[in-house]
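Single-structure report; data block below.
In what follows, every heavy atom counts, from backbone to side chain, and hydrogens, waters and symmetry copies are set aside. Numbers here are sequence positions counted from 1.
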Amino acid sequence: MADRNVTVEEPKVSNDKYEVVHSKSNVFYPEYERKTDLRHQTHYCPGCGHGVAHKLIAEALEDLGVQDDTILVSPVGCSVFAYYYFDVGNVQVAHGRAPAAATGLKRACPDKMVIAYQGDGDLAAIGTAEIVHAANRGEKISVFFVNNAIYGMTGGQMAPTTLVGQRSTTSPWGRRPINEGFPLHMCEMLSSLEAPVYIERVALSDNKNIMKARRAVRKALELQRAGAGFTFVEILSPCPTIWGKDPIDARKWVAEKMIPNFPLNVFRDRKVEIPETNVPPHKSVAELVCGEQKGSDPLLSPRHHHFRKLDIKIAGFGGQGVLLLGQLLAEMGMREGLEVSWLPSYGPEMRSGSAHCHVCLSKDRIGSPLVSRPDVLVAMNEISLHKFAAQVAPGGTIIYACEKLPEGFNVPQAQVVCIPAADIADKIGSAKVANVVLMGALLEETECLAAATAMKVLETKVKNPKLLELDRQALDAGRLYIDHTVAIGAVTQADGFAQ
Ligand SMILES: Cc1ncc(C[n+]2csc(CCOP(=O)(O)OP(=O)(O)O)c2C)c(N)n1
Ligand code: SF4
């Protein structure tokens, strides 16, 4: 018998058509153009909690008026395509890494609302470290953690949140604590940390709880908007497909099985003041590292550089001073007031393994330290020459640490300078300074930085006067070698003859 107290609203009719009484939030795209078909539907299964969680977040963003200021970090899992639906700034990241990516985004754009949206496999398994440390640092982000007690996307493997006794493809007899451990309670774990300001667990089990979830989502976002700190909402959520239930029974299962195991609660709701101790001085990196005031030395002015950005790759064997040469160049750039980056890349071997590094010198902020089209390649051995020469940007320079190019080597569209750096270094008195010979050659050939800066940097690094003298000679020898060679065609040879 129908309950008389329940009022069922008849659909309103106008002009023979149903009047629309429900509409989706404007934070969703009007049409999901990234989908090939059914552009008005999400890809979620009927009864899936992700759709409801999306709706709660979208409505909150719309009501707070922050749609244009929001960056949503989507996970890997069934909600991997959240960016198909949310008309906000979107980033989709590797499995488990959403809090780390969100950290970077929030720190780079503190005025934006940054949301990490994650499933329980994503957040509580592969991403355990990321969420714990983001929470512990008190990153001012909001994390929405959709806990459906299973890996949905990959077909139902056991998650850290799978209930004791719950079957999954990887716990076919039901989870046994003796074998698979107990379910992880993320809210409880995170609320043992100092920094988080708000942690709540909610459930999408019935309308009443959905309304509570709505309030929790809103509160987390409001707190972020107010700049409060780390906010975390765990949303117990149905996964009818993997659980093998219809949508109604799946909701009941959330109420009857999940909630007793994951009690709904506000675990943290407090203002947290994180003390700002040991505040670093307001100095530029160059000032800090070089201990000098920018501007006090004419060399520190970036104005005299003839390039806007110069990308350098240095490659050779471990032990040849490849990485050190890169560091020296980066430090010189810093001293001359440039933005710099240095990115090493090397194998596990300490000696003789291949090693290379990327150095960027720039008048502007550097977006990525990766150098894939170097303007200058310093190849300290033949393998590196073969490996990286084709990457050099047209019109760039290759400095090859050998008297001449290998037989049959196809010279790319670049200026090639051959310099027997090891022989020169030997004559000076130490094979170790071959990298400084190459630095001299590089400075002379490209005129990117001043030799005087090189000496200043070397003086701060090399404390032994004898070694410093060797470095000075090596630097001069590299420069002189370039001065005394004659460029013919693309290849410069010491004797003045083309190959
Ligand atoms: C590094 C890496 N490891 C494993 C996977 C495979 N993988 C994709 S989704 C997923 C589990 C997702 O489960 P959950 O986070 O609970 O989200 P749901 O699908 O249930 O929403 C796994 C293990 C992957 N994509 N990348
Ligand atoms: S498998 Fe589960 S979590 Fe994934 S879309 Fe379907 S119901 Fe949702």
Using modelled atom types only, decide if a donor and an acceptor are shared between the side chain of [X] and the backbone of [Y] within a distance under 3.5 Å.
X: D122; Y: H95; answer: no
X: S168; Y: M158; answer: yes
X: S384; Y: G316; answer: yes
X: K313; Y: V371; answer: yes
X: E382; Y: P406; answer: no
X: T128; Y: A124; answer: yes
X: S142; Y: T231; answer: no
X: E62; Y: A58; answer: no
X: K24; Y: P30; answer: yes
X: N148; Y: S237; answer: no

Practice problem: Measure up the F230 and F232 rings against each other and bin them: parallel (under 30°), tilted (30 to 60°), perpendicular (over 60°). | Solution: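 Rings of F230 and F232: parallel, under 30°.
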
Practice problem: Just say parallel, tilted or perpendicular for the rings of H54 and Y117, cut-offs at 30° and 60°. | Solution: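 Aromatic pair H54/Y117 classed perpendicular.
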
Donor-acceptor contacts under 3.5 Å from residues 256-266 side chains, at least two apart:
| residue | atom | partner | partner atom | Å |
| --- | --- | --- | --- | --- |
| N261 | ND2 | K257 | O | 2.8 |

Quiz item: Taking everything shown except K35 itself, do over 12 heavy atoms lie less than 6.0 Å from its NZ?
Solution: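 More than 12 heavy atoms, drawn from other residues, nucleotides or ligands, come within 6.0 Å of this atom.
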
Quiz item: Which residue pairs pass the side-chain hydrogen bond (donor to acceptor under 3.5 Å, both in side chains) test with at least one member in residues 72-94, sequence neighbours excluded?
Solution: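 Residue pairs passing side-chain hydrogen bond (donor to acceptor under 3.5 Å, both in side chains), neighbours aside: H43-Y85.
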
Quiz item: Excluding sequence neighbours, so at least two apart, what forms side-chain contact (heavy atoms from CB on, under 4.5 Å) with N207?
Solution: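 Only I210, R251 meet the side-chain contact (heavy atoms from CB on, under 4.5 Å) criterion with N207.
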
Self-check item: Interatomic distance, S345 atom OG to L370 atom CG [nearest 0.5 angstrom]
Solution: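 Going from the OG atom of S345 to the CG atom of L370 covers 9.0 Å.
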
Practice problem: First locate atom CD1 of I71, then atom SG of C109, and finally report the distance between them rounded to the nearest 0.5 Å. | Solution: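 These two atoms lie 4.5 Å from each other.
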
Answer whether the closest heavy-atom distance between the side chains of [X] and [Y] falls below 4.5 Å.
X: K252; Y: K245; answer: no
X: L221; Y: I115; answer: yes
X: V254; Y: L204; answer: no

